[in-house]
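Here is the structure we will look at, set down as structure tokens.
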Amino acid sequence: MEELPVQEVITSLSDALRSSGRALLSAPPGSGKTTVVPLQLLREPWLHGSILMLEPRRLAARAAASRMAWLSDEKVGQLVGYQVRLDRRVSKATRIEVVTEGILTRRLQQDPELQGVGLVIFDEFHERSLQADLALALCLDVAGSLREDLRLLVMSATLDTLSVSRLLGDAPVISATGKSYPVAVNYLERGPRERKISQEVVRVICQVLQKEEGDILVFLPGAGEIHATQAMLSERLDAEFLIYPLYGNLDSAAQDRAILPDPKGRRRVILATSIAETSLTIEGVKVVVDSGLARQPRFDPNTGLTRLVTLKVSAAAAKQRCGRAGRLGPGVCYRLWTQAVQSRLQPHMQPEILDADLSFLVLELALWGVGDAADLCWLDAPPAGAFAQARDLLQALGALNKEGQITAAGRRMAAVPAHPRLAHMLDKAGHSGQVGLAADLAAILSERDVLRKGPNTLNSVDIEDRLALLQRWRGRGRRELAEFGADVAACARVVSISRQLQKVVNVVAQAAGSPSRTLSPGVLLADAYPDRIARRRGSEQNSYLMSSGRAVGIPEGDSLSGEEYLVIPSLDAGRSEGRAFLAARVTPDQLRRFLGSQITFDSVITWESRSQSVVARKEERLGAIELSVAPLSDPDPAKMRKAMLDGIKSLGIEVLPWGRSVEEWRGRLLSLRHWQPDSFWPDLSDETLSAGLDAWLEPWLQGITRRDHLRKLGLKSILSNGLDWKQRQRMDQLAPTHVQVPSGANKRLGYQPGMSPVLQVRLQEMFGLMDTPRVCDGQVPVTLHLLSPAQRPIQITQDLRGFWERTYQEVRKELKGRYPKHYWPEDPLVAQATTRIRPGRGK
DNA sequence: CTCTCCCT
């Protein structure tokens with residue numbers, strides 16, 4: 001104990017704590033701070049009461065307690081004790097108690113004064129877990145008001161010491177050195193054709209095995225990369241090398257195999273996630289190969305879901321990984337990135353509080369009496385978006401009232417050691433006598449999956465398969481459990497957790513009640529996860545839409561494949577489609593019976609472009625999913641007309657029955673509007689009609705529900721509806737449909753908006769007329785298209801008089817040659833107009 | 001060839 005480097009700073013640390021009550025100890029791994037500091041400080045005369053030390057992991061808490069007990073020549077539970085979930089070793093004699101983070105929060109909530117405690121130590125604070133940040137905020141609150149004599153010590157390996165010191169009220173910073181061996185760092189470039197990280201890692205491992213001695217620890221981001229690397233590596237390496245995967249979801253027997261050195265002394269390659277960074281220590285490692293990647297959860301407050309992202313590690317994490325090669329003697333570290341990249345790494349990983357589901361934290365704060373996070377002091381305050389999402393969820397679960405204050409149900413939920421959703425489920429189950437099943441479900445969802453995953457195991461996300469394993473565990477089939485693909489250690493843990501939950505709920509529940517009804521797992525879970533009830537999407541076998549509107553897939557060939565309705569409590573949000581990890585069947589009838597208040601009935605009246613018609617249906621919905629559809633018996637006529645209008649808008653006004661006569665009528669009107677802009681002529685242009693559809697067309701759409709029905713519309717009478725009798729008279733007068741020509745025939749005028757109307761007429765029919773006919777009270781001359789007897793155009797003019805005077809004689813010569821039998825008088829103005837070959841003769 | 005880690 002005397003040799004440890006932290007000994008040198010104990011005196012100054014003690015002085016700092018005595019005088020200012022707060023201190024920050026910065027010491028790298030191997031300094032001995034976790035065991036030396038509590039034991040030494042316990043002897044200080046200024047300390048009144050016991051020491052409470054916080055560890056981020058159960059394993060670390062137990063290990064620290066037993067090491068300290070051993071150093072003080074005692075058994076654990078005497079002077080030094082510990083408490084983690086489901087395991088408590090303390091006695092009246094205990095003066096140093098090591099606890100995990102959740103335990104400290106519980107204790108603070110039950111006894112905010114922390115009676116009998118003189119010093120709280122936060123170990124490994126640089127990991128910045130959500131729980132540790134919360135615990136420190138609560139302790140600062142206590143030490144600032146109720147217990148001004150409570151001393152606080154924050155210990156960390158690498159940390160932004162300045163900001164922590166400021167948070168602690170400018171507490172003194174004490175630094176100690178570590179005791180570890182030097183590790184030589186090598187930076188490597190990625191090979192040109194190595195597209196996958198596993199290819200690169202395999203190449204480096206093969207080189208390193210030849211160059212260096214000792215076991216190799218390889219850091220990879222996740223299980224996928226580990227398995228890919230393992231497959232490639234086992235092809236390349238002889239059997240004399242041992243390859244072990246190591247990650248959290250691996251069962252504990254496999255984890256143990258990876259941690260301990262080979263008794264026969266064969267060389268080992270351990271392919272690990274960041275679990276080997278701090279949580280597990282592997283004996284005999286001399287070489288570290290670091291991919292530089294880590295997977296981290298990202299919580300999205302908009303969806304209430306978490307997804308995993310692969311990120312570059314922080315400089316601090318890379319240093320920590322490196323250090324794993326220098327525990328026994330000098331080591332080597334190979335980094336699969338360049339020095340240029342190294343200089344751009346983030347100094348620290350994002351603290352959990354900035355990227356996590358905050359529902360648990362917000363419930364704890366409400367129980368503490370704090371509705372606004374700003375009432376406490378934080379190193380990084382909880383983000384407003386996630387905070388608001390958590391408050392909304394807790395309100396929906398009945399844990400908070402509208403003002404954000406904790407309710408009676410919220411108090412009961414806070415006492416349940418599980419996620420607030422699961423606590424809510426347990427609380428409700430407590431009243432319906434279904435605690436056993438609810439506790440099993442909550443335990444399954446809180447702990448590692450009891451079903452092992454691998455090539456030869458059951459392919460299932462069905463939570464009922466897990467319940468069946470627990471049944472077997474409790475019954476006589478425990479021995480064969482492994483054959484059914486069970487992770488035996490995980491089963492044991494889940495069963496213990498379930499027992500603890502049942503106990504808590506039965507104590508807390510107001511009326512434990514007799515089993516009033518038998519609820520299915522799906523029903524219980526639907527109540528806790530109403531936003532994750534899912535319906536299969538159409539013809540897809542494995543794709544679902546959740547009530548929240550998000551898409552989720554289940555694995556192909558899963559035992560739940562093809563199920564119509566599921567509740568999906570556990571999933572990865574993914575980018576566009578999520579992936580389900582655990583799900584339960586549910587039926588629409590169950591949803592109606594137990595989630596009735598969340599089901600809505602919508603009358604949907606809408607244009608459906610597929611059938612080109614208005615559809616009116618009654619939809620029974622749970623959020624984004626549709627439980628049933630039926631035709632609407634008495635749809636609101638106004639909404640029907642509106643939907644038809646939407647259809648017409650989407651198709652464009654071309655779909656209306658524009659016949660020739662409507663177009664002609666509109667041409668006349670638009671022409672008048674052009675000639676008399678200040679008069680009352682309405683604007684019936686395409687643009688204006690399209691823009692004003694709702695006003696002019698809507699009243700006429702009664703009973704019109706399909707595109708075909710539009711033929712029935714009398715468009716001309718609809719459009720002329722805006723003109724009164726007098727205006728119509730005036731229109732006929734100013735823009736007549738026909739004019740009479742000298743031959744006596746009535747000729748149609750062709751109106752184009754903005755242009756003079758066109759009169760097409762054979763030249764012979766115009767003999768005797770001196771001037772161009774005019775419309776619009778004589779303001780607008782028509783445009784004459786003078787035609788030959790064969791209706792070929794001869795001349796276009798608005799000046800008939802000029803034509804007679806200047807052009808006629810020339811035209812006459814030509815026509816005479818081509819139509820010799822026809823009548824071509826020398827003086828057209830005195831000649832008689834005719835519709836025939838010559839005037840006065842028969843046909 | 002699929003899920004990082006941790007906690008009441």
**Asked** Which nucleotide sits closest to the side chain of A:Ala231: B:dC7, B:dC1, B:dT4?
**Response** B:dC1
**Request:** Would you indicate which nucleotide in B:dC1, B:dT4, B:dC7 comes nearest to any side-chain atom of A:Thr273?
**Result:** B:dT4
**Asked** Got a sec, which residues hit salt bridge (Lys or Arg N to Asp or Glu O under 4.0 Å) with A:Arg324, two or more places apart in sequence or on another chain?
**Response** none
**Fill in**
Regarding the side chain of A:Thr100, the nearest nucleotide among B:dC1, B:dT8, B:dC6 is B:dT8
**Item:** Result of checking A:Glu124, A:Glu127, A:Glu101 against A:Arg57 for salt bridge (Lys or Arg N to Asp or Glu O under 4.0 Å)
**Value:** A:Glu127
**Fill in**
Residues at least two apart in sequence or cross-chain that pass salt bridge (Lys or Arg N to Asp or Glu O under 4.0 Å) with A:Asp141, listed by chain then number, are none
**Message:** Need one value for A:Ala228: base, sugar-phosphate or nothing, where a base atom within 4.0 Å counts as base even if backbone is also close, heavy atoms only.
**Reply:** nothing
**Asked** At what distance, to the nearest 0.5 angstrom, does CZ of A:Phe122 lie from CG of A:Leu52?
**Response** 8.5 Å
**Item:** side-chain N/O A:Arg58 vs B:dC7 OP1/OP2, d < 4.0 Å
**Value:** yes
**Fill in**
Out of B:dC6, B:dT8, B:dC5, minimum distance to the side chain of A:Arg57 belongs to B:dC6
**Prompt:** Of the residues in residues 101-114 of chain A, which ones touch DNA chain B at a heavy-atom distance under 4.0 Å?
**Reply:** A:Gly102, A:Ile103, A:Arg106
**Asked** Which one of A:Leu136, A:Leu152, A:Val154, A:Leu54 satisfies the side chain to side chain contact (heavy atoms under 4.5 Å, CB included) criterion with A:Val120?
**Response** A:Leu152
**Message:** Quick one about A:Glu364 and A:Thr105 (side-chain donor to acceptor, distance below 3.5 Å, no hydrogens or angles considered), yes or no?
**Reply:** no
**Asked** How do A:Leu59 and A:Leu308 order along DNA chain B: which one's closest nucleotide is nearer the 5' end?
**Response** A:Leu308
